[in-house]
Amino acid sequence: MVAYFATEPESLLADALNGFCRAHADLVVRDTGNGYVRARHPSPGRRVGLVSGGGSGHEPLHIGFVGAGMLDAACPGRVFTSPHNRQVLEASRAVAGPEGVLHIVKNYTGDRINFGIAAERLAHLGIPCARVLVDDDLATATEGPGPGRRGTAATVLVEKVLGAAADRGADLAELVRLGERVTARCRSLAVASRSHALPATGEPAFELAGDEVEFGVGIHGERAERAIPREPLNRLLERMADPLLAALAPTRGESVILLVNGLGAVTDLELYAILDATERLLHKRGVPPARCAVGEFVTTLDMRGFSLTLMVAGEETLELYDAPVHTPVWRW
């Protein structure tokens, strides 16, 4: 059992949001009445506001990426729960540009429904709204009908690229086209050696044997189709990277952006070692990463695991990725 450090389990989210906005008061403002976080100094050249959101428990996603160069507002729901459509509506109204607002939505049923309701309400108010759906999780790629691939860590890369394009004055249609292109060229895969602890009880969400790894775990703790025996890191990374490359099929000369993402309880020491080994593996496969990012971007509370994300990136995408950004988590 793992006890969370909290005044009360029920107040953990509100207390955390208060603390986050105090720590980064120069960059973000919390609208307590409507439950969203917005940029204190939005990019002045934008014609379209960018809004994202989702369940809490994935910090720093999404609130950590609110600011110049990325999101104008983020809507945090309860732990692993979609934000209410009212939050999305009010955040969108607050940050919409002269040409409307773009929603960046992870592919989960609740997120799709609530962002969709907010978009309908915005249309009634005469505010143009469109959506980019992020669906990068290779573990849930299935044939036929169904919800399709989940949205996971590639969301951060999509928000970065679209944020830079919005800063350059792209209109709503241009942002949608760009978002659809880059999301189609992203895939992620996650593994874990230990479940996260449930905030209400401190109990593990699921059990794994000490010699097993959950291969293809979801960011809400969704079980994979199978657990695999623990194996040396290089072999595990091959098992992850090879299907990612097969799914994306980058051509010779195309670059990739590599994101190594900690799920909450993997040390920086390990994450940097994972990055080093993955970069060497990609070089051997003839796809050297043009850019690398490592750290905790999309967590699952205190899950002991990590994910790999690859984004195939041409010259335009790399320029947008390299553009200035100033948020609580990413600054350059």
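This is a predicted model, so every value here is computed, not measured.
Using modelled atom types, one finds no donor on one side chain facing an acceptor on the other under 3.5 Å when comparing E59 with T299. Looking at T251 and E254, their side chains do bring a donor and an acceptor atom within 3.5 Å of each other.
Linking ILVMFWY residues whenever their side-chain heavy atoms come closer than 4.5 Å, directly or via other members, places L233 and L281 in the same cluster. Hydrophobic clustering keeps Y36 apart from V79 (ILVMFWY residues linked when any side-chain heavy atoms are closer than 4.5 Å, directly or through intermediates). A continuous path of ILVMFWY side-chain contacts below 4.5 Å connects I228 to I274, so both sit in one hydrophobic cluster. Under a hydrophobic-cluster definition in which Ile, Leu, Val, Met, Phe, Trp and Tyr are linked whenever side-chain heavy atoms come within less than 4.5 Å, directly or via other members, L308 and V134 are assigned to different clusters. Using a 4.5 Å cut-off between side-chain heavy atoms of Ile, Leu, Val, Met, Phe, Trp and Tyr, with links allowed through other members, L27 and W332 fall into the same hydrophobic cluster.
Between the side chain of E279 and the main chain of D276, no donor-acceptor pair closer than 3.5 Å is present. Panel note: side chain T183, backbone G179; a donor-acceptor pair is recorded below 3.5 Å. The backbone N or O of I104 lies less than 3.5 Å from a partner atom in the side chain of S52, making a donor-acceptor pair. For the pair D211 (side chain) and P229 (backbone), a donor-acceptor distance under 3.5 Å is absent. Although no hydrogens or angles enter the test, the distance criterion places a donor-acceptor pair under 3.5 Å between the side chain of R331 and the main chain of T327. Distance alone, capped at 3.5 Å, is enough to place a donor-acceptor pair between the Q87 side chain and the H84 backbone. Looking at T140, its side chain does come within 3.5 Å of a backbone N or O of R150 through a donor-acceptor pair.
One finds the NE2 atom of H220 at 10.0 Å from the CG atom of L301 (value rounded to the nearest 0.5 Å). The CG atom of L259 sits 13.5 Å away from atom NZ of K160, with the distance rounded to the nearest 0.5 Å. Here the CD1 atom belonging to I257 is positioned 5.5 Å from the CG atom belonging to L318, to the nearest 0.5 angstrom. The OG1 atom of T300 sits 7.5 Å away from the NE2 atom of H196 when rounded to the nearest 0.5 Å. Remark: E212 CD to E207 CD distance equals 11.0 Å, nearest 0.5 Å.
Under the salt bridge (charged side-chain N to carboxylate O under 4.0 Å, His left out) test applied with E214, the options R194, R223, R226 reduce to a single match, R223. Tested against T152, the residues D137, N107, V298 include a single side-chain contact (heavy atoms from CB on, under 4.5 Å) partner, D137. Here the options are Y108, F65, F80, the test is ring-ring contact (aromatic ring centres under 6.0 Å, His included), and the partner is H58; only F80 passes. Of the candidates L133, V158, L61, K106 forms a side-chain contact (heavy atoms from CB on, under 4.5 Å) with just one, namely L61. Screening R46, R47, R93 for a salt bridge (charged side-chain N to carboxylate O under 4.0 Å, His left out) with D72, the sole residue that qualifies is R46.
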Open item on the list: For a salt bridge (Lys or Arg N to Asp or Glu O under 4.0 Å) check, start with the C-alpha distance between D242 and R285, then their side-chain angles and the critical distance, and finish with the verdict.
Closed with: CA-CA 9 Å; D242 286 346; R285 298 294 190 269; 2.9 Å; yes
TODO: Under the side-chain contact (heavy atoms from CB on, under 4.5 Å) rule, what do L175 and L50 come out as? Steps first, then yes or no, please.
DONE: CA-CA 10 Å; L175 289 171; L50 300 189; 4.2 Å; yes
- [ ] Tell me, with the steps shown, if L310 and L248 meet side-chain contact (heavy atoms from CB on, under 4.5 Å).
- [x] CA-CA 8 Å; L310 296 180; L248 292 169; 3.7 Å; yes
TODO: Kindly determine whether E270 and R304 satisfy salt bridge (Lys or Arg N to Asp or Glu O under 4.0 Å), including the steps that lead there.
DONE: CA-CA 11 Å; E270 295 164 281; R304 182 157 176 76; 2.4 Å; yes
TODO: Go through V37 and V29 one step at a time and tell me if the side-chain contact (heavy atoms from CB on, under 4.5 Å) criterion holds.
DONE: CA-CA 6 Å; V37 175; V29 178; over 6 Å; no
Task: Test salt bridge (Lys or Arg N to Asp or Glu O under 4.0 Å) applied to R235 and E238, step by step - done: CA-CA 5 Å; R235 176 64 191 121; E238 288 176 357; 3.5 Å; yes
TODO: Starting from the C-alpha separation in whole Å, work towards a yes-or-no answer on side-chain contact (heavy atoms from CB on, under 4.5 Å) for L178 and R181.
DONE: CA-CA 5 Å; L178 175 62; R181 286 203 307 273; 3.4 Å; yes
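Other residues, nucleotides and ligands place more than 12 heavy atoms under 6.0 Å from the CZ atom of R40. By the neighbour-count criterion of 12 heavy atoms within 6.0 Å, atom CZ of R22 is sparsely surrounded, having that number or fewer from other residues, nucleotides or ligands. Counting heavy-atom neighbours within 6.0 Å of R86 CZ, excluding the residue itself, gives a total above 12.
When all heavy atoms of L189 and P243 are compared, the closest pair comes out as CD2-CG, 4.3 Å. The minimum heavy-atom distance between I219 and G151, with the atom names listed, is CD1-O, 3.8 Å. Closest approach of A170 to V48, counting heavy atoms only: O-CG2, 3.9 Å. Nearest heavy atoms, S43 versus G69: OG-N, 3.4 Å. Shown here for P289 and L282, the closest heavy-atom pair between the two residues is CG-CD1, 3.6 Å. Closest non-hydrogen pair, A118 versus H103, comes out as CB-CE1, 4.4 Å.
Residue pairs meeting the ring pair (Phe, Tyr, Trp, His ring centres under 6.0 Å) criterion with at least one partner in residues 267-318, sequence neighbours excluded, are F297-W330. Pairs of residues two or more places apart, or lying in two chains, that qualify as side-chain hydrogen bond (donor to acceptor under 3.5 Å, both in side chains) and include a residue from residues 115-133 are N85-R121.
Through chains of ILVMFWY side-chain contacts below 4.5 Å, V217 is grouped with F206, L208, L263, M303.
In this structure, C292 and L275 have side chains that are in contact, with non-hydrogen atoms separated by less than 4.5 Å. Looking at M70 and V66, their side chains never come closer than 4.5 Å, going by heavy atoms from C-beta outward.
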